[in-house]
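Report on one structure; see the data block that follows.
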Amino acid sequence: MPKENERKACPEFEPLLEDLLDGEQQAGEAQRLQAHLDGCARCTSTLRAAQQASQLLREFIEPAPAPSTGFALRTMHAIRAVEESAAAETSFWRPVQIFAWRLAMSAGLALALLIGYAQVVPEASEVNGEEIARSAVPQEMYAPQSRGDVLLMVSSAGDDK
Amino acid sequence: MTNVPNSTATDGPSGKAPSFRDNVKERELVRLCQDGTTDAFEQLILRHQHRIFSVVRSILRRREDVEDVAQQVFIKAFVSIRSFDMRAAFSTWLYKIAVNECWDYLRRKRVRPLLYEADLSEEQNQHLSSYVATERAPADASKRAELRQTVELLLAQLDDEDRQMLVLKEVEGLSVQEISEVMELNINTVKVRLFRARAKLVEWHQRRQPQAARASAGRKRE
């Protein structure tokens with residue numbers, strides 16, 4: 001790549017030099033620039049180089065091709081094709097979109113209900129289910145079948161005390 | 001159906017800035033497009049096609065690609081026109097799309113126009129020097145083509161933005177104000193960079209001359 005040691009004009013005069021090349025100078029600025037150019041060889045030679053470059057570019061670089069007569073029409077045709085394919089794509093996916101939307105709504109509602117239920121219902125007892133079941137069922141009373149059974153019951157009741 | 005304001009005014013290669021009335025019409029056209037009147041967009045294409053071709057050409061360098069990329073620019077602009085909020089001029093918004101589309105295109109094609117000083121032959125240097133000295137272009141078509149290639153090579157030494165600026169100014173005829181809009185740069189910055197870029201071109205050419213002469217002398221001795 002080229003090194004950055006090119007000749008340079010005085011920085012404060014560069015915009016004015018560009019205006020001069022462009023033919024867009026204001027009267028007061030033109031006088032100030034001319035007075036500077038009379039005494040500054042660097043600005044004068046840079047201005048000359050810039051003029052040569054302008055000449056080269058205008059002479060040898062080809063401008064953009066003009067848009068062909070049908071360009072706007074062709075572009076509009078392409079735009080309509082894009083619009084139509086976008087519309088077709090939308091209509092194809094529409095039922096799927098509606099289904100997905102409903103599914104998402106239902107899932108959201110179910111989740112909200114579950115969270116609400118968990119907030120409202122108090123926490124279940126930590127006693128395990130088997131114990132709860134046993135305590136809930138009434139114990140069957142033992143009926144003595146004979147005289148010996150009665151005596152056994154009386155003696156075991158005495159042992160408990 | 002909505003009536004589309006008929007306008008035959010296009011930007012034209014002369015590059016005149018649009019008047020206030022044109023701007024009002026343009027906003028009307030943009031609003032119609034945003035409301036779904038696709039036909040209004042054709043008027044916008046007619047107004048801006050020359051400028052968009054210039055901007056695209058200033059970046060791409062290959063004339064053959066300009067029309068395709070310009071078409072993509074207008075399609076993208078149409079697709080996203082609802083996002084245009086009218087805070088900036090429509091042209092500024094469109095130029096931005098054009099610049100981005102060009103760089104995307106170059107990235108997709110993996111084009112890297114890197115050229116080195118050695119790319120300029122001794123003969124090319126001589127032809128260029130003789131043109132610079134006499135400021136008279138050769139009548140011979142092949143010599144002209146060669147000089148054109150040489151100037152393209154010189155131009156390729158500049159960085160992308162400087163090259164784009166110079167082409168827009170000198171070849172496509174955009175004003176400093178328009179370039180500042182396209183490139184989103186301050187007017188003073190554009191002036192300074194344009195002036196420096198021009199000077200650089202000639203400076204590089206002049207620096208190569210003694211090198212080319214030395215290389216030529218070396219070859220003769222061999």
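Worth saying up front: this structure is predicted, and the values here are computed from it rather than measured. We name chains A, B, ... by the order of the sequence lines, and we start the count at 1 in each one.
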Can you tell which part of [X] gets under 4.5 Å to a heavy atom of chain A, answering side chain, backbone, both or neither?
X	result
B/Val79	side chain
B/Phe78	side chain
B/Ala145	neither
B/Ile187	neither

Exercise. Does a side-chain N-to-carboxylate-O contact under 4.0 Å join A/Glu14 and A/Lys8?
Worked result: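 Salt bridge flag = no for A/Lys8 with A/Glu14.
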Exercise. Are A/Glu59 and B/Arg144 ion-paired here, with the side-chain N under 4.0 Å from a carboxylate O?
Worked result: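 Result for this pair is yes, salt bridge flagged.
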Exercise. Does any pair with a residue in residues 72-83 of chain B pass salt bridge (Lys or Arg N to Asp or Glu O under 4.0 Å), and if so which ones, sequence neighbours excluded?
Worked result: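 Salt bridge (Lys or Arg N to Asp or Glu O under 4.0 Å) check on residues 72-83 of chain B returns B/Lys76-B/Glu101.
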For this session: Anything in residues 103-117 of chain A with a heavy-atom distance to chain B below 4.5 Å? Please list those residues in order.
Result: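 Listed by number, there are no contacting residues, so the answer is none.
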For this session: Can you establish whether the number of heavy atoms outside A/Gln31 located under 6.0 Å from its atom CD is more than 12?
Result: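 Counting neighbours around CD of A/Gln31, 12 or fewer heavy atoms of other residues, nucleotides or ligands fall under 6.0 Å, so no.
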Heavy-atom distance under 4.5 Å to chain B: side chain of [X], backbone, both or neither?
X	answer
A/Arg80	side chain
A/Ile61	both
A/Leu16	neither

Problem set entry | Residue among A/Pro11, A/Ala53, A/Ala72, A/Pro65 with most heavy-atom pairs under 4.5 Å to chain B |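 Greatest number of close heavy-atom pairs with chain B: A/Pro65.
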Problem set entry | Top contributor to chain B interface from A/Val82, A/Leu73, A/Asp19 [non-hydrogen pairs under 4.5 Å] |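 Greatest number of close heavy-atom pairs with chain B: A/Asp19.
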Top residue by heavy-atom pair count (under 4.5 Å) with chain A, among [options]?
options	result
B/Arg198, B/Arg196, B/Glu42, B/Glu67	B/Arg198
B/Asn188, B/Leu147, B/Val66, B/Val56	B/Leu147
B/Val171, B/Leu194, B/Val55	B/Val171

For this session: Would you check if there is a donor-acceptor pair between the side chains of A/Glu83 and B/Thr38 at a distance under 3.5 Å?
Result: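 Result is yes, a qualifying pair exists.
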Problem set entry | Short side-chain to backbone donor-acceptor contact, A/Gln52 and B/Val202, under 3.5 Å |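 Looks like no, no N/O pair under 3.5 Å.
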For this session: Report yes or no: does B/Ser80 contribute a side-chain atom to a donor-acceptor pair with the main-chain N or O of B/Ser83 at less than 3.5 Å?
Result: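 Side chain of B/Ser80 to backbone of B/Ser83, a donor-acceptor pair under 3.5 Å: no, none is there.
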Exercise. Going by the ring-ring contact (aromatic ring centres under 6.0 Å, His included) test, which pairs reach into residues 161-201 of chain B, not counting sequence neighbours?
Worked result: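 Found none.
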For this session: Please assess B/His48 against B/Phe90 for the test ring-ring contact (aromatic ring centres under 6.0 Å, His included), listing each intermediate value before the final yes or no.
Result: CA-CA 10 Å; B/His48 294 283; B/Phe90 177 72; 5.5 Å; yes
Exercise. Step by step, would you call A/Asp22 with B/Lys191 a salt bridge (charged side-chain N to carboxylate O under 4.0 Å, His left out)?
Worked result: CA-CA 10 Å; A/Asp22 214 8; B/Lys191 284 182 183 176; over 6 Å; no
Exercise. Do the ring planes of A/His36 and A/Phe13 sit parallel (below 30°), tilted (30 to 60°) or perpendicular (above 60°)?
Worked result: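 Parallel, since the angle between the ring planes stays under 30°.
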Exercise. Which residues satisfy the salt bridge (charged side-chain N to carboxylate O under 4.0 Å, His left out) test with A/Glu84, sequence neighbours excluded?
Worked result: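 In terms of salt bridge (charged side-chain N to carboxylate O under 4.0 Å, His left out), with neighbours along the sequence ignored, A/Glu84 is linked to no residue.
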